[in-house]
There are 2 protein chains.
Amino acid sequence: MEYAEKVNYSPNPIALSLKENKSRAIGVIVPEIANHFFSQAINGIEDIANKRGYHVVIFQSHESYQREVTNIQHIIARKVDGLLISLSGQTNDVSHLQEIQQKKLPLVLFDRVSDKIEAHKVVADNFDGAFKATEHLILSGRRRIAHITSPSLLSITKERLMGYQVALEKHQIPYDESLVKYCGFEPEEAKKLIFNLINEQKPDAIFTTSDRLALDCFSAVKEQGILIPEELSFIGFTNLKVAHLLAPSLSTIVQPAFEIGQTAAELLLDSIERKQHHVEEFRTIKIPTEMVVRNSSQILLQNS
Amino acid sequence: MEYAEKVNYSPNPIALSLKENKSRAIGVIVPEIANHFFSQAINGIEDIANKRGYHVVIFQSHESYQREVTNIQHIIARKVDGLLISLSGQTNDVSHLQEIQQKKLPLVLFDRVSDKIEAHKVVADNFDGAFKATEHLILSGRRRIAHITSPSLLSITKERLMGYQVALEKHQIPYDESLVKYCGFEPEEAKKLIFNLINEQKPDAIFTTSDRLALDCFSAVKEQGILIPEELSFIGFTNLKVAHLLAPSLSTIVQPAFEIGQTAAELLLDSIERKQHHVEEFRTIKIPTEMVVRNSSQILLQNS
DNA sequence: TTGTAAGCGTTATCAA
DNA sequence: TTGATAACGCTTACAA
């Protein structure tokens, strides 16, 4: 012992891993790391993982189903102790995740989840956030509220659409499908779509679901010379600071990215550490969103 | 072989690591992951690392020297094959990095480097970027150009200040120390500092060096009712898209975050893979910045 | 060609 | 209490 102290001994974690058949590392797959929502979430994951003595190995799917599958194969080969994943915009089939479960690797989905798999899930309360955002616009007198959102496959898309629809219903505004636009991740796609939407549908409000889409809306509106907020009422966003500058009275639905990351990591590590003891029940945890109102009819919904 | 194929065999990377005494993982320490510059850089690192069969383990110093030292200890214990690091805003002493080198662990510093250590370094051409930004403001008729920048310890701060000074010198504008403000990472600090700067020094242009500082400048200027760009000429930034919305004619010095990440990773992996062969010479690679001019005197310098 | 054994650094187990 | 040994999964080297 004193000799160990003397030579500054620390056990070789690789040998330990081999012996104990665990790596004290968790894998994280996100669509894109250079995205405020996901980098915040990773922040939360790292926070918990470090506190509990785990390391975080990060993979990006770049919104591609193919890359997600490849990542999963790497994860399996790498022998991480567990996996946190937020699905790519293309992911429909989840057999790669089922493979993870067959290998008895603890798995937690966060933010972008899937109904097709039974596992722990941690999400924002997207329904509630979208409901509140839409109702806020309605209560400020808007009737033709457009909704520009993420690809239709994603769970977040469906949940938010539901919140939007239920809010309209509650206030007896008929649901108009032509006011809802799904938008992928190609830079040019959003711009075109938004231009057409504004010109053809003449909405009096837009409720978007990400940083990028909100910015594109602002661009389109500015370039078309439509005033904010007099003629159009807004919108969806991530960065409160930037939002505030763009339109000082803009309101926001804040997505709890950091908390989602923390909660997902807690769940995963708990699952890892009592893996052998008993079969556990799968839990879905909803983290509430918060509406920051800035005395106007403008609405932001945070990414992703 | 065919049996291996049949049972879908893949070698256990941990056993392999133990045997070959390498982990095929590289460590990355950044001040903050939820920062556009660093998440882009990590993107570049991941791009190269994955292509060459390595995994990326990420650590955050949260701008704290103490946490950076702790991270280094984890890195050493974790037996990664090499380390990429961008220094925290508090880091002055680099003995923790020297320890890494004594352990013969390949090391590459990127973006925020230090003169006190001999190692591979990959940086943006901050001098040139700052020179061009400042000169651009001067050529558009500005004389009292303020410079709001990062903590004075950082290499990026020094390099950019130098570019700013040399540009002033070239155009026979005396250097006025009271126009230069160093700003830390506390949210409230920037606001106060900028308010005082604008009120007391009455600059006719501000050249800042990060997203955050640029946003805070915009806030301050808006709240004080000073017009953009008539009375004040701008500024430093990261996100071109947002910048464009805030002030459509704003120009930008684009920081090559992705390329810095890629180059640093290439250098590190090369270093790892021919480690035993011969002692190598340390290289410092400067990646050029690009100025995006938008027909105005306004300047952006990208993060970080 | 095929097979066997040693060693990478641990820890747990069992024997002395 | 102390000490030797096996096993984790792999590769390399050498023997059959």
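No experiment lies behind these values; they were computed from the predicted model shown.
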Q: Keeping the roles fixed (side chain from B:Asp81, backbone from B:Arg24), state whether a donor-acceptor pair exists under 3.5 Å.
A: yes
Q. Are side-chain heavy atoms of A:Glu99 and A:Ile72 found at a separation under 4.5 Å?
A. no
Q. Taking only Watson-Crick and G-U wobble pairs with both distances under 3.5 Å, what dot-bracket line describes DNA chain D, where [ ] shows pairs that cross earlier ones and | shows pairs with another strand?
A. ||||||||||||||.|
Between the protein and nucleotides 5-9 of chain D, list the N/O to N/O atom pairs that are separated by less than 3.5 angstrom.
{"unit_1": "D:dG9", "atom_1": "N2", "unit_2": "B:Ala15", "atom_2": "O", "d": "3.3"}

Q.
I'd like to check A:Ile156 versus A:Val123 (side-chain heavy atoms, cut-off strictly below 4.5 Å). Are they in contact?
A. no
**Q.** Centroid-centroid distance, A:His36 to B:His36, less than 6.0 Å
**A.** no
Q. Which atom names give the shortest non-hydrogen contact between A:Leu213 and A:Ser150, and what distance separates them?
A. CD1-N, 4.5 Å
Q: May I ask you to check whether B:Gln60 and A:Asn50 show a side-chain donor-acceptor distance below 3.5 Å?
A: no
Q) Okay, side chain of B:Gln90, backbone of B:Tyr65: is any donor-acceptor separation there less than 3.5 Å? A) yes
